[in-house]
S.K.: 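The following block contains the structure, expressed as structure tokens.
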Amino acid sequence: MKKTAVKPVKVGVIGYGASFNMGLHHLREMKSVGMIPTAVCDIDPARLEAAKKDWPGIETYRSDKEMLKQSGVDLVTVITPHNIHAEQAIRCLNAGRHVIVEKPMALSTAQVDAMIAAAKKNKRMLSVYHNRHWDGCILQAMKFIRAGALGEVYRVVVHMGGYAPPRDWWRSLKSVSGGILFDWGVHLLEYTLQIANAGIVEVSGYAHQGYWAPKVAWKHDANEDEAMAVVRFDNGAWAILCMSELDRDHKRPWLEITGTEGSYAMEHDTYALTTTRDGERITRTGRNMPGDWQAYYRHIVQHLTKGAELTITAEWARRPIHIIDLACQSAEKGRALPAKYR
Ligand SMILES: NC(=O)c1ccc[n+]([C@@H]2O[C@H](COP(=O)([O-])OP(=O)(O)OC[C@H]3O[C@@H](n4cnc5c(N)ncnc54)[C@H](O)[C@@H]3O)[C@@H](O)[C@H]2O)c1
């Protein structure tokens, strides 16, 4: 891959949304590691006005094609709804720009393959904003796992959910979001793949649909009420991810990790590690170490300017998408499907 010369990296974002101010967040993070916020693209003029207030003098564009034609940005971060990540990333790569895509990288393995092919063809960097790779909860869990506190991990169970009608926004539309597994599910699988540290053999998927759909206006395009992915790994371990909008029970731990030497309950802020000594159960609880989301762009700038190894590669980011893609197909077919990418 061609390295950008050692000069500040000029950056642009596509998508400057108001929901979580993610465009502002990315540009601030990029600026904090020495990159130069240069351009913002959004189809919504009100969001371009917001960008101009946040970043006086910044270039603004109503379309990514216009930005790619007129702006001198070296790196573009795509922060738009999920269904357009692949096409926008490929357009940027074909225009000779390095690209970061917000999670989920895309909505199918085939889309990810096309993105990786475009990055290779154009000799440009492609990465995905897996900021939660540096969440305190997973950093803490991995510290215990690497120290052997859990022995050999053979089961990871993750659930997230609630009981509420879906909100009226693009995240509730299956054709735009990809479905219930694609938003937080990608973060949770990215944790799980670190914990399991093994190749994916096959995936079974389950989905329930139709409880909330009749109650919403977009009923023909509603996400699943609940969906599940069960992953079999090549070291004999397995993982279960369950995302639900029908879940009235909030008492279970967020992530349960079970190993030959211990059990671990991982919550966002706290942990509980249970082991046994001389037949007696010992539970150690504590607060997770601090997270470090800034590590993501630190690594990117080191990669682009110093040739350091990329932490979140496109191939790594393909794995959660591949699992969810297989789970969605499996739910329709009613049988487990083998993984193409381990
Ligand atoms: N990593 C994280 O912690 C995290 C947190 C929140 C959101 N996200 C991700 O960020 C992405 C965006 O989510 P959001 O919450 O900011 O959504 P949002 O709806 O607030 O913002 C999306 C923006 O994209 C713009 N847009 C839509 N189509 C466009 C197009 N063709 N060209 C240019 N702009 C276009 C919209 O006008 C809007 O301003 C999603 O992938 C989401 O999953 C990640």
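Atoms within a ligand are numbered from 1 in the order they appear, just like the ligands themselves.
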S.K.: So is Gln88 polar-close to ligand 1, meaning N/O to N/O under 3.5 Å?
M.R.: yes
S.K.: On the 0 to 90° scale, with breaks at 30° and 60°, tag the Phe20-Trp169 ring pair as parallel, tilted or perpendicular.
M.R.: tilted
S.K.: Can you name the atoms of ligand 1, numbered from 1 with element, that are less than 4.0 Å from a heavy atom of Tyr129?
M.R.: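 Numbered from 1, ligand 1 contributes 1 (N).
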S.K.: Any idea which part of Arg62 is under 4.0 Å from ligand 1, heavy-atom wise: side chain, backbone, both or neither?
M.R.: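 Neither part.
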S.K.: What protein heavy atom is closest to atom 21 (O) of ligand 1, reported as residue, atom name and distance in Å?
M.R.: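 Heavy-atom neighbour on the protein nearest atom 21 (O) of ligand 1: Gly17 CA, 3.1 Å.
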S.K.: Just jot down the ligand 1 atoms closer than 4.0 angstrom to any heavy atom of Arg47, in number order.
M.R.: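 Taking each heavy atom of Arg47 in turn, ligand 1 has 39 (O) under 4.0 Å.
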S.K.: In the protein, which heavy atom is nearest to atom 11 (C) of ligand 1, and how far is it?
M.R.: Thr80 O, 3.6 Å
S.K.: With heavy-atom distances below 4.0 Å as the criterion, list the atoms of ligand 1 near His82.
M.R.: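 In order of number, 40 (C), 41 (O), 42 (C), 43 (O).
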S.K.: If we count only N and O atoms by modelled type, under 3.5 Å, do the side chains of Thr77 and His26 hold a donor and an acceptor together?
M.R.: no
S.K.: So do Arg342 and Arg319 actually touch side chain to side chain, heavy atoms under 4.5 Å?
M.R.: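 A side-chain contact under 4.5 Å is absent here.
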S.K.: Does the side chain of Tyr16 pick up a donor-acceptor pair with the side chain of Asp54 at under 3.5 Å?
M.R.: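 A donor-acceptor contact under 3.5 Å links the two side chains.
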S.K.: Over 60° means perpendicular and under 30° means parallel, so classify the ring planes of His25 and Trp293, tilted if in between.
M.R.: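 Geometry flag for His25 against Trp293: perpendicular rings.
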S.K.: Could you tell me whether the side chain of Cys242 reaches within less than 4.5 Å of the side chain of Tyr206, counting heavy atoms only?
M.R.: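 Heavy-atom side-chain distance check fails, nothing below 4.5 Å.
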S.K.: Heavy-atom distances under 4.0 Å are what count here, so tell me which part of His85 touches ligand 1: side chain, backbone, both or neither.
M.R.: side chain
S.K.: Show me which atoms of ligand 1 lie under 4.0 Å from any heavy atom of Ala18.
M.R.: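 Those atoms are 20 (O).
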S.K.: Select one of side chain, backbone, both or neither to describe which atoms of Ser63 lie under 4.0 Å from any atom of ligand 1, heavy atoms only.
M.R.: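 None of Ser63 does.
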S.K.: Test your reading of the structure: does Arg132 have an N or O sitting under 3.5 Å from an N or O of ligand 1?
M.R.: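 No; every N/O pair is 3.5 Å or more apart.
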S.K.: Of the protein's non-hydrogen atoms, which lies at the shortest distance from atom 24 (O) of ligand 1, and what is that distance?
M.R.: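 Protein heavy atom with the smallest distance to atom 24 (O) of ligand 1: Gly15 CA, 3.7 Å.
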S.K.: Name the option, out of Ile79, Val176, Asn131, that contains the heavy atom nearest to atom 3 (O) of ligand 1.
M.R.: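 Shortest heavy-atom distance from atom 3 (O) of ligand 1: Asn131.
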S.K.: When you compare ligand 1 with Asp42, is there at least one nitrogen or oxygen pair between them that comes in under 3.5 angstrom?
M.R.: yes
S.K.: Specify the protein heavy atom at minimum distance from atom 26 (N) of ligand 1: its residue, its atom name, and the distance to 0.1 Å.
M.R.: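 The answer is Ile43 CG1, 3.8 Å.
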S.K.: Would you call Trp170 a ligand 1 contact, heavy-atom distance under 4.0 Å?
M.R.: yes
S.K.: Please state which protein non-hydrogen atom is closest to atom 20 (O) of ligand 1 and give its distance, to 0.1 Å?
M.R.: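 Here the nearest protein heavy atom works out to Ser19 OG, 2.6 Å.
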S.K.: Do Arg28 and Tyr297 touch side chain to side chain, with heavy atoms closer than 4.5 Å?
M.R.: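 No - every pair of side-chain heavy atoms lies 4.5 Å or more apart.
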S.K.: Can you tell me if His130 has a non-hydrogen atom under 4.0 Å from ligand 1?
M.R.: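 The answer is no, since His130 has no heavy atom less than 4.0 Å from ligand 1.
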S.K.: Of the listed options (Met22, Lys65, Arg171, Glu102), which comes nearest to atom 42 (C) of ligand 1 when hydrogens are ignored and any heavy atom counts?
M.R.: Arg171
S.K.: Check whether NZ of the Lys or CZ of the Arg Lys215 lies under 6.0 Å from the centre of the six-membered ring of Tyr211 and within 45 degrees of that ring's axis.
M.R.: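 Judged by the rule, Lys215 and Tyr211 form a cation-pi pair.
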S.K.: Is the Tyr154-Phe233 ring centre distance short of 6.0 angstrom?
M.R.: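 No, too far apart.
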S.K.: Classify the angle between the aromatic ring planes of His130 and His187 as parallel (below 30°), tilted (30 to 60°) or perpendicular (above 60°).
M.R.: perpendicular
S.K.: Does any donor atom in the side chain of Thr283 or Thr274 lie under 3.5 Å from an acceptor atom in the other side chain?
M.R.: yes
S.K.: Which ligand 1 atoms are under 4.0 Å away from a heavy-atom of Ile84?
M.R.: 28 (N), 29 (C), 30 (C), 31 (N)
S.K.: Checking the N or O distance criterion of under 3.5 Å, is ligand 1 in contact with Asp64?
M.R.: no
S.K.: May I ask you to list the atoms of ligand 1 that are less than 4.0 angstrom from any heavy atom of Phe20?
M.R.: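 Here the atoms of ligand 1 in question are 6 (C), 15 (O).
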S.K.: In this structure, is the centre-to-centre distance between the rings of Phe182 and His82 below 6.0 Å?
M.R.: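 No, they do not, as the ring centres are separated by 6.0 Å or more.
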S.K.: Would the Tyr163 and Trp212 ring centres measure less than 6.0 Å apart?
M.R.: yes
S.K.: Test of understanding: clusters of I, L, V, M, F, W, Y form through side-chain heavy atoms closer than 4.5 Å, transitively. Do Leu48 and Ile84 belong to the same one?
M.R.: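 Result: no, two separate clusters.
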S.K.: Look at atom 41 (O) of ligand 1 and say which protein heavy atom is nearest, naming residue and atom and giving the distance to 0.1 Å.
M.R.: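 Going by distance alone, atom 41 (O) of ligand 1 is nearest to Lys103 O, 2.9 Å.
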